[in-house]
Amino acid sequence: MCGIAGGVGTSAPRIEELDRALDAIHHRGPDERGTFLQSNIALGICRLSIIDVGTGQQPVSNEAETIQLVFNGEIYNFQALRQLLVSKGHRFRSNGDSEVLVHLYEEFGLDFVQQINGMFAIAIWDTRKKTLILVRDRMGKKPLWYSLKPDGTLLFASEVKALVAAGVATTLRRESISEVMQFGYVNAPRSAYNEINQLPPATIGLWQDGSWKTSQYWVPDFATENKISYADALEQTKVLIRQAVERRLISERPLGSFLSGGFDSTVVTAYMAQLMPNKVKTFSIGFNDPRYDESAYARAVAKYLGTEHVEEKLSPDPALLLQQLAGTLDQPFADSSIIPTFMLAKFASQEVVVALGGDGGDEVFGGYDRYLAAPVMQRWNLLLKLASPLGASLTTTGVVNNRKIKRVLSQIQSHPSLAARYLSVISLGQQDGLQTLLGSDFHSHGSAIEFEESFARAGARDDLARMTRSDFEWYLPGDLLVKADMATMARSLELRSPLLDHDLVEWAMALPSSYKIKAHQTKFILKEIARSLVPSELIDRPKMGFAIPRADWLRTGLRTITYDLLTDSTAQGRGWFIPAEVEKVLADHMAGRDRDVLIWPMLMLELWARNWLDR
């Protein structure tokens, strides 16, 4: 795992600019640094040494030095690929995965990516063709940002802050303010800046003579259903998950597991316990507030599996924690679950360099309640239209303040389609409320329209496939994987996600939907697997999620900083929000009517602006 940066073209980074970019992402790879610079090309890397610690330095080249490569990530099947390449006459000077990629590209050209199982962001300079090739993994686990200059020069890096450090001039993309307020994140593959974008997941980018083009090399199949018995599906799913976990256990540095006590991390950790010769190190955190504390469940699972379990109960200073996080997030990001992820990564990184986690289980195996609720509510659309005034009254007057009940009541309204309803379900702020709150120059319907059009397009066989596809295209690359990468790499910790193994994803997408959602149970098949690994009493409990007491914090430890940042002249001068409406939302919240779904993204936007936009 590393951080990479570089550029190609007439104004490619000089050594001092490349050094500044690498300085900005030093946390991603504190072990060593490498660079390659020639006329109009620069490649750089900060390396976190995990595989082939002794001889795996980058950049790496072929024998003729006509190909230079840097990459961030891990190639889990590199040993088998190495054997294949040796049989074809390739010679190796090292024992890791980076040199395998060089020879794989030599042998197969751009099709080399089809051979790879892993998470990666790769940059290859082919001196023979004077071509820079950028490649990102199928899921988008590893970030890769780029900027095209007016003269045709292309700059790239693992994080936006590195591009800015390398000299990319930036201007605010106005639509991003509305995106963060509605979704909680900037919609991929865009950034908050007009000049910077992400290379999308499963995409190859080619730069040659100032020309830049991209192509997608893999697309999940949401249309095909595998005709298979449940019993056979269950056994094959077990095999594939076990293989995905096993592939991710290779490491020369200490390795452990994030264990929340939920289904996903329990399954991953259970297979680790079966496969590893030594006790698995497991890590969990908890809060003193029992509403947000799953540590007892994690402790019970760890005891049953016999892991070396370490947990910490936290009573953090919210204001200090938020300021630390804001210094890390170079893009506005309002998913508050990044806070416990950030804290868990800090805790675990004191003992391990690599951790496995359960990310992706909900998307792959149909685990979200919304997958069950949204289609049902849409079938009741006419009835909900009649009941909507009552739902609105109960949620806005403060009569009901239970968070989950309020969430349900907020959906007691009519929508013209499942696409519109699903957009409403996943949104933090609804369009009518945002139109009142946001300044006229910053309120946009563009992303909502794009979302609904994307959701409704052909190629998904049923409602679950449509919702899952939507999450793969929006939520995963915009939120979940950004959160996981930024929170862990800030602590120089590599996080691996077996449940997002692309072989497993392809298999799971073709499973009949009734195997995932059955008898009003979500994630049915994965729960069955979990019950085969640990006692059912450790599994059959309500889903909590990885959350913080956000509403309470905004009334207590974050109250002062929230008022200071959202109501001072600097914030008001941006024109992002209507000052009177901000005051009203804050007053409502302090009076006990939870409005944190609006306050939190406003606060995170302003914190981002103070740390990054105003520089």
Side-chain angles (χ1 to χ4, degrees), residues 182-185 187 220 222-223 225 263 335 337 360-388 390-392 394-395 400 402-434 445 447-480 508-509 511-527 542-545 547 597:
Q182 181 164 16
F183 297 99
Y185 52 88
N187 292 330
F222 293 96
E225 181 174 286
F263 304 113
D335 181 347
S337 68
D362 287 314
E363 292 80 9
V364 175
F365 290 103
Y368 292 120
D369 290 339
R370 62 180 181 254
Y371 292 157
L372 179 62
V376 172
M377 298 185 84
Q378 191 59 22
R379 287 196 291 271
W380 294 349
N381 200 45
L382 181 58
L383 179 62
L384 294 179
K385 182 177 182 179
L386 297 174
S388 60
L390 175 61
L394 291 173
T395 54
V400 174
N402 179 278
R403 300 179 69 81
K404 288 189 175 181
I405 295 176
K406 283 187 68 175
R407 188 71 174 166
V408 172
L409 290 173
S410 71
Q411 294 306 310
I412 298 180
Q413 54 185 299
S414 176
H415 289 288
S417 64
L418 180 61
R421 182 169 297 282
Y422 198 67
L423 173 62
S424 177
V425 168
I426 66 168
S427 294
L428 300 178
Q430 302 300 318
Q431 280 293 328
D432 53 352
L434 294 180
H445 291 280
S447 289
I449 294 170
E450 182 184 354
F451 181 95
E452 291 189 39
E453 290 176 346
S454 173
F455 187 99
R457 78 181 191 275
R461 66 179 184 269
D462 58 21
D463 288 344
L464 179 59
R466 291 182 189 93
M467 292 182 287
T468 303
R469 181 180 65 183
S470 178
D471 283 347
F472 264 75
E473 294 175 351
W474 291 71
Y475 179 60
L476 269 176
D479 187 326
L480 182 62
M509 291 305 102
L511 288 176
S513 295
S514 61
Y515 295 176
K516 302 176 189 178
I517 297 180
K518 185 175 182 180
H520 304 295
Q521 289 190 56
T522 58
K523 209 155 41 177
F524 186 85
I525 193 169
L526 193 64
K527 291 177 183 177
K543 182 183 179 72
M544 289 184 68
V597 293

Hits for salt bridge (Lys or Arg N to Asp or Glu O under 4.0 Å) against Glu473, two or more places apart or cross-chain, chain-then-number order -> Arg457
Locate the shortest heavy-atom distance separating [X] from [Y]; write the atom from each residue and the value.
X: Leu511; Y: Ile525; answer: CD1-CD1, 4.2 Å
X: Gly360; Y: Leu480; answer: N-CD2, 4.1 Å
X: Met467; Y: Ala374; answer: SD-CB, 4.1 Å
X: His415; Y: Gln378; answer: O-NE2, 2.9 Å
X: Leu423; Y: Ala448; answer: CD2-CB, 3.7 Å
X: Gly429; Y: Leu434; answer: O-CD1, 3.6 Å

Minimum side-chain heavy-atom gap [X]-[Y] below 4.5 Å:
X: Lys516; Y: Thr468; value: no
X: Gln430; Y: Ser424; value: yes
X: Phe455; Y: Trp474; value: no
X: Asn187; Y: Glu450; value: no

Contacts of Gln182 meeting side chain to side chain donor-acceptor pair (under 3.5 Å) (sequence neighbours excluded), chain-then-number -> Ser427, Gln431
Ser513 meets the side chain to side chain donor-acceptor pair (under 3.5 Å) criterion, sequence neighbours left out, with Asp462
Residue pairs meeting salt bridge (Lys or Arg N to Asp or Glu O under 4.0 Å), one or both in residues 370-380, sequence neighbours left out, come to Arg370-Asp471
Let me confirm one number: the [atom1]-[atom2] distance from [X] to [Y], rounded to the nearest 0.5 Å.
X: Leu372; Y: Leu464; atom1: CG; atom2: CG; answer: 10.0 Å
X: Ser414; Y: Arg421; atom1: OG; atom2: CZ; answer: 7.0 Å
X: Asp479; Y: Tyr185; atom1: CG; atom2: OH; answer: 6.0 Å
X: Leu418; Y: Glu452; atom1: CG; atom2: CD; answer: 10.0 Å

Residues passing the ring-ring contact (aromatic ring centres under 6.0 Å, His included) test with Tyr475, sequence neighbours excluded, are none
Taken in chain and number order and not counting sequence neighbours, the residues that satisfy ring-ring contact (aromatic ring centres under 6.0 Å, His included) with Phe365 are none
Measure up the Phe222 and Phe472 rings against each other and bin them: parallel (under 30°), tilted (30 to 60°), perpendicular (over 60°).
-> perpendicular
Exercise for the section: Look at the rings of Tyr371 and Tyr368 and say which category their plane angle falls in: under 30° parallel, 30 to 60° tilted, over 60° perpendicular. Expected result: perpendicular
